[in-house]
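Labels below follow one simple rule: chain letters A, B, ... track the order of the sequence lines, proteins then strands, and each chain is numbered from 1.
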There are 2 protein chains.
Amino acid sequence: MHPPRPTDAELEILRVLWSLGPSTVRAVHETVNRRRPAQYSTVLKFMQIMAEKGLLRRDEKNRAHVYEPAQPREATQRQLARDLLDRAFSGSAKELMMGALSSRKASPEELAELRKLLEEYQGERE
Amino acid sequence: MHPPRPTDAELEILRVLWSLGPSTVRAVHETVNRRRPAQYSTVLKFMQIMAEKGLLRRDEKNRAHVYEPAQPREATQRQLARDLLDRAFSGSAKELMMGALSSRKASPEELAELRKLLEEYQGERE
DNA sequence: ATTGACATACGAAGGTCTTCGTAGTAACGT
DNA sequence: ACGTTACTACGAAGACCTTCGTATGTCAAT
């Protein structure tokens, strides 16, 4: 029922779509190409494959097809977080968090946000 | 200087070594095989490749070589967490945490631990 | 010395991922 | 009507991942 885990290149395209909203291949290509060299046909092929796999949905009404993620961003992110949690952290959210925080400096604001998030979470659960 | 990101199968073997400590191929194979069918030579091949890639180090003193992770567990986990953070969460630790928490029930104890972790983190930073 | 048990090494098949060139086609301007 | 431009579709190459069979070597015990 849910699509497979996106590969690296697929995730890159998802990220672009998350930020742009539903887009044509051209728009995605332009954004990707700003970061790294990539041929238009490469991006096109990816998006076609992703549609086949069920990662993207596409609207063929116009000549230039419009693609959008088949799953909401949050669902994909949840899937990826859980996947890594199981595969590398034996399910321990705490360890995952330590890994994420120690990997780079988190701003004080972000830390505050994180604490608030935890409080909410702890509140609604009991 | 640091090894490449481990693939799925490689991570599975790392996980076994994290739990067993330095081990022979046989020991790793037995553990892996308890979970899913896998030939001895498959596990052997992986571990050889991983040694080549710099993911494992091996001691050839005895006839049955003894392998261990080249990096401490924490370093690999940090790398993976950061990698996912960048690739899927645009660097937002908050979103990663939401993904991790919503993906499965976290126990109240774990939530408490997480809060403590954040407090320490916030304390040492300023 | 031969055999059996247990190692490593290695080649190769089959799958997936990534990338690109090119063919075909619809629309547009002159 | 014709050439140019903008799109999709597709095939294929090359890299990497996963898996396994098999060749080869070593040790110990009969």
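Contact check for B:Gln48 versus B:Tyr67: side-chain heavy atoms found under the 4.5 Å cut-off. No side-chain heavy atom of A:Arg58 sits less than 4.5 Å from a side-chain heavy atom of A:Val66. Looking at A:Arg5 and A:Leu80, their side chains come closer than 4.5 Å, going by heavy atoms from C-beta outward. In this structure the side chain of B:Leu55 never reaches within 4.5 angstrom of the side chain of B:Ile49, judged on heavy atoms.
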Short heteroatom pairs, N/O only, protein and nucleotides 10-13 of chain D, under 3.5 Å:
residue	atom	partner	partner atom	Å
D:dG11	N7	A:Lys45	NZ	3.4
D:dG11	O6	A:Lys45	NZ	3.2

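The distance between atom CD of A:Glu30 and atom P of D:dC7, rounded to the nearest whole Å, is 9 Å. Counting to the nearest Å, the C1' atom of C:dA7 and the CG atom of B:Asn62 are 12 Å from each other. Nucleotide C:dT8 holds its C1' atom 14 Å from the CD1 atom of B:Ile49, rounded to whole Å. Summarising the geometry, the separation between CG on B:Leu11 and P on D:dC17 is reported as 13 Å, rounded to the nearest angstrom. In this entry the distance linking CD of B:Gln39 with P of C:dG14 reads 17 Å, nearest Å. Rounded to whole angstrom, the span from the CZ atom of A:Arg26 across to the P atom of C:dA27 amounts to 17 Å. Taking atom CD of residue B:Glu52 and atom P of nucleotide C:dT8, one finds them 15 Å apart after rounding to whole Å. Distance B:Met47 CE to D:dC17 P: 18 Å, rounded to the nearest Å.
Along DNA chain D, the nucleotide closest to B:Lys53 and the one closest to A:Glu60 are compared, and the more 5′ of them pairs with A:Glu60.
Distances shorter than 4.0 Å separate none of the side-chain N or O atoms of A:Tyr40 from OP1 or OP2 on C:dG21. Contact between the side-chain N/O atoms of B:Arg58 and the OP1/OP2 oxygens of C:dA9 is found at a separation under 4.0 Å.
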Would A:Arg115 and B:Glu119 satisfy salt bridge (charged side-chain N to carboxylate O under 4.0 Å, His left out), going step by step from the backbone distance to the final call? CA-CA 8 Å; A:Arg115 293 185 62 174; B:Glu119 278 164 29; 3.7 Å; yes
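The side chain of B:His65 lies closest to C:dA9, out of C:dA9, C:dT18, D:dT18. When each of D:dG25, D:dC20, D:dA6 is scored by its nearest atom to the side-chain atoms of B:Arg63, the top-ranked nucleotide is D:dG25. The side chain of B:Phe46 lies closest to D:dT18 when the candidates are D:dC7, D:dT18, C:dC17.
When the options A:Arg63, A:Arg57, A:Lys61 are evaluated for a salt bridge (charged side-chain N to carboxylate O under 4.0 Å, His left out) with A:Asp59, the one that passes is A:Lys61.
If you check every strand for non-hydrogen atoms under 4.0 Å, B:Thr42 touches a base. Residue-level contact check: B:Arg36 touches the backbone only, with heavy atoms under 4.0 Å from sugar-phosphate atoms and none from bases.
Considering all non-hydrogen atoms of both residues, A:Ala81 and B:Gly99 come closest at CB-C, 3.7 Å.
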